[in-house]
Amino acid sequence: MEETGADKMKTRLGRLFVIGVPYLWLLVFFLAPFFIVFKISLSQTAVAIPPYLPVFDWSAGWNGFVETLSEFNFANYVWLTEDDLYWRSYVSSVVIAFTATLITLLVGYPLAYGMARSPKAWRPTLLMLVILPFWTSFLIRVYAWIGILKNEGLLNQFLMWLGVISEPLVILNTNTAVYIGIVYSYLPFLVLPLYASLEKMDESLLEAAQDLGCPPWKAFWTITFPLSLPGVVAGCFLVFIPAVGEFVIPDLLGGSETLMIGKTLWMEFFNNRDWPVSSAVAVVLLLILVIPIVYFQHHQQKTAEKAA
Amino acid sequence: MRTGPSWFNITSIVLGFAFLYLPILILVIFSFNESRLVTVWAGFSTKWYGELLNNQQLLQSAFVSLRVAFLSATAATVLGTMAALVLVRLGRFRGRTLFSGMIYAPLVMPEIILALSFLLLFVAIDQPRGFWTIVLSHTTFAMCFVAVVVQSRLVGFDRSLEEAALDLGCPPARTFFVITLPLILPGVVAGWMLAFTLSLDDLVISSFTTGPGATTLPMMIYSQVRLGVTPEINAACTILVGIVTVAVIVTSVVTRRSELRRERDERRAVAATG
């Protein structure tokens, strides 16, 4: 088939269209907003609509732009260092998210392992059963735990009925409840990539190890676990990064002792209506997460390219 | 090597699934509870479902949520499918790294950062907030999920059919609609459903980007939960869980079937030519 000049032109235009539309969309609705957040984090709080100064004046052109720049200040960032609420929120968010990620790994690894080693015929069903809670509302799943963890809740009723405890345990409104919430909500995020890497594993390696007299536990630590590391890494990032900024879980399950930056940001925004400070909080949170996010994206792209 | 499932594997599967499903199951059971107290069983009753039907506010917000989810999932599916094609098919071009970065970053980015940035964008361009600003923000973050789902479908895909069509002079756009799209359709449908449920589920982004008159169901549930648990919410949640479960099971059965049929047809075609 001869390709004429007009056809070539058409193909090129088509290519430009397919790349251009999603690209432009993401530039306008995903990337540009971050620059705006950054800009506003350098503005002053004002009693106005919108509640910050200065506002870009497009009609003033370049001079207006320079003037706006000169009015920028770092007062909001200085403020973040002065009130130790923010500092403690960042640290405690990272600690909570990290601990929760480790617990999720401990809970999720046996599940993913069991699924990957189950008979082939079961696997699609098991996979669907892991994905199904992911499709049902996150808010509902967190809410369901309130009824379980309350003082007079089902867990305490059950434990008292068993006679394990005589007084109800206080779990709701503590950090323990937040851990339970994060582990529960994010478990599928960890199990799926982990299952994918465990399932791909070549079992003949284990057979060889067994034939050579390697005990199962040693075979697990020296063969299975290292080979599943890509899945472990991807899963842990998928849990850790969103968990750091989590709002719903600490708000519904956590108590006054629970400090998480997502909740602090929400309060700053909705209760204090301080947009510039919320923006500064978001910028610093993003900076904390830049390295894990870039690493995750790099990892994803490599996996996608390898598969392609 | 033992091939049968070991006791360890079975135990971990059973415990894992018990952990995943017990809370949801308890919620469903207690939505049929006679008592107002959520944790005390006082007999079977469907009265909370009746109350739910009389709760205008809740129904209205559910309707807003459904419309937002439908519009944003549809737009996200179109954009996300294009994005997946770009990632898998269009090879290298300038700005590819930035593009794939913008696709993967929203998957992990804490929602609250996305929410604030969407809001500030709408304020900066002086767009009054409400129904449409929620739709736009949902479209943006959902398209990235669609892109990833469709991408995985495109990766394990036999390109010879497409190449044959192109060789026979079928224009690329037509090739896409006649050959490629039907083959990746299960991925596209799964992507749409994922986008739909993500939108239906979202609390944080909607709360930041909403305006007067546009309250979504999660926002309504959230405000009622904060005021204290009511069994009506259990009923509403049970209905949602039921709808999603049925939808997911139906789609997976349908895709499974159509896949089996396609495989059979392909085998037949091969047998006929060979």
Side-chain angles (χ1 to χ4, degrees), chain A residues 1 11 14-15 18-19 21-23 25-26 29-34 36-37 40 50 110-111 114-115 117-119 128-129 132-133 135-141 143-148 152-154 207 237-238 241-242 244-245 247-248 262 265 278 282 285-286 293 296-297 300-301 307-308, chain B residues 1 5 9-10 12-13 16-17 20 23-24 26-27 30 38-39 79 82-83 85-88 90 93 99-102 104-106 108-113 116-118 120-121 123-124 136 140 143 151 155 167 169 172-173 197 201 203-204 218 221-222 225 229 237 240-241 244-245 248 252:
Chain A
M1 191 70 195
T11 311
R15 189 181 145 96
V18 175
I19 297 180
V21 172
Y23 211 127
W25 184 283
L26 287 171
F29 289 106
F30 180 69
L31 201 60
F34 285 113
I36 299 173
V37 172
I40 289 170
L111 180 59
M115 285 168 61
R117 295 285 167 274
S118 67
M128 210 182 77
L129 283 172
L132 200 57
W135 295 83
T136 58
S137 173
F138 174 72
L139 184 61
I140 294 176
R141 283 183 290 140
Y143 160 75
W145 279 99
I146 297 180
I148 298 172
E152 66 278 23
L154 292 166
E207 277 169 47
F237 276 122
L238 279 174
I241 303 169
V244 174
F247 163 75
V248 175
L265 198 163
S278 333
L285 174 57
L286 197 62
I293 287 179
F296 171 81
Q297 186 241 325
Q300 272 313 90
Q301 206 178 355
Chain B
M1 191 89 192
N9 292 349
I10 291 178
S12 51
I13 288 176
F17 284 116
L20 276 176
I24 300 177
I26 290 171
L27 184 93
F30 275 87
V38 182
T39 48
L79 288 164
M82 285 169 100
L85 283 172
V86 173
L87 285 174
V88 181
L90 296 181
F93 57 90
F99 186 76
S100 71
M102 291 192 296
Y104 291 121
V108 282
M109 185 97 48
E111 268 191 309
I112 206 144
I113 298 185
L116 188 68
S117 71
F118 286 137
L120 295 179
L121 171 77
V123 173
L136 280 175
T140 308
M143 75 176 268
Q151 183 192 30
V155 164
D167 282 349
T197 47
D201 196 20
L203 167 72
V204 176
I221 293 178
Y222 173 72
V225 166
V229 176
C237 294
L240 272 182
V241 169
V244 170
T245 311
V248 170
S252 76

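No experiment lies behind these values; they were computed from the predicted model shown.
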Relative to chain B, which segment of Val18(A) carries a heavy atom at a distance below 4.5 Å: side chain, backbone, both, or neither? both
Residue set satisfying ring-ring contact (aromatic ring centres under 6.0 Å, His included) with Tyr23(A), at least two apart, ordered chain then number -> Phe99(B)
What is the distance from atom CG of Leu79(B) to atom CG of Leu26(A), rounded to the nearest 0.5 Å? 8.0 Å
Counting only heavy atoms closer than 4.5 Å, note whether Ile13(B) contacts chain A via side chain, backbone, both or neither. both
Please answer whether the main-chain N or O of Asn9(B) pairs with a side-chain N or O of Arg117(A) as donor and acceptor at a distance below 3.5 Å. no
Per-residue contact mode, Phe247(A) against chain B (heavy atom under 4.5 angstrom): side chain
Identify which part of Ala173(B) has an atom lying under 4.5 Å from any heavy atom of chain A, answering side chain, backbone, both or neither. neither
If you take all heavy atoms of Asp201(B) and Leu139(A), which pair is closest and at what distance? OD1-N, 3.8 Å
Tightest non-hydrogen contact, residues Cys237(B) and Ile140(A), listed as SG-CG1, 3.3 Å
State, with a plain yes or no, whether a side-chain heavy atom of Leu203(B) is found less than 4.5 Å away from one of Phe138(A). no
Any idea which of Val244(A), Leu129(A), Val248(A) has the most non-hydrogen atom pairs under 4.5 angstrom with chain B? Leu129(A)
Do you know the tightest heavy-atom contact between Ala144(A) and Pro23(B)? CB-O, 3.8 Å
Examine whether an atom of Pro218(B) lies under 4.5 Å from a heavy atom of chain A, and if so say whether it belongs to the side chain, the backbone or both; otherwise answer neither. both
Closest non-hydrogen contact found for Val108(B) with Phe237(A) is CG1-O, 4.4 Å
For Pro33(A), is there any backbone N or O sitting under 3.5 Å from a side-chain donor or acceptor partner on Ser117(B)? no
Over all heavy atoms of both residues, which pair between Ile36(A) and Ala124(B) is shortest? Give the atoms and the distance, please. CD1-CB, 3.9 Å
Over all atoms of both residues, closest heavy-atom pair of Ile24(B) and Pro133(A): CD1-CB, 4.4 Å
Assert top hit (heavy-atom pairs under 4.5 Å, partner chain B, pool Ala32(A), Pro110(A), Gly14(A)) equals Pro110(A)
Phe118(B): ring-ring contact (aromatic ring centres under 6.0 Å, His included) partners, not counting sequence neighbours: none
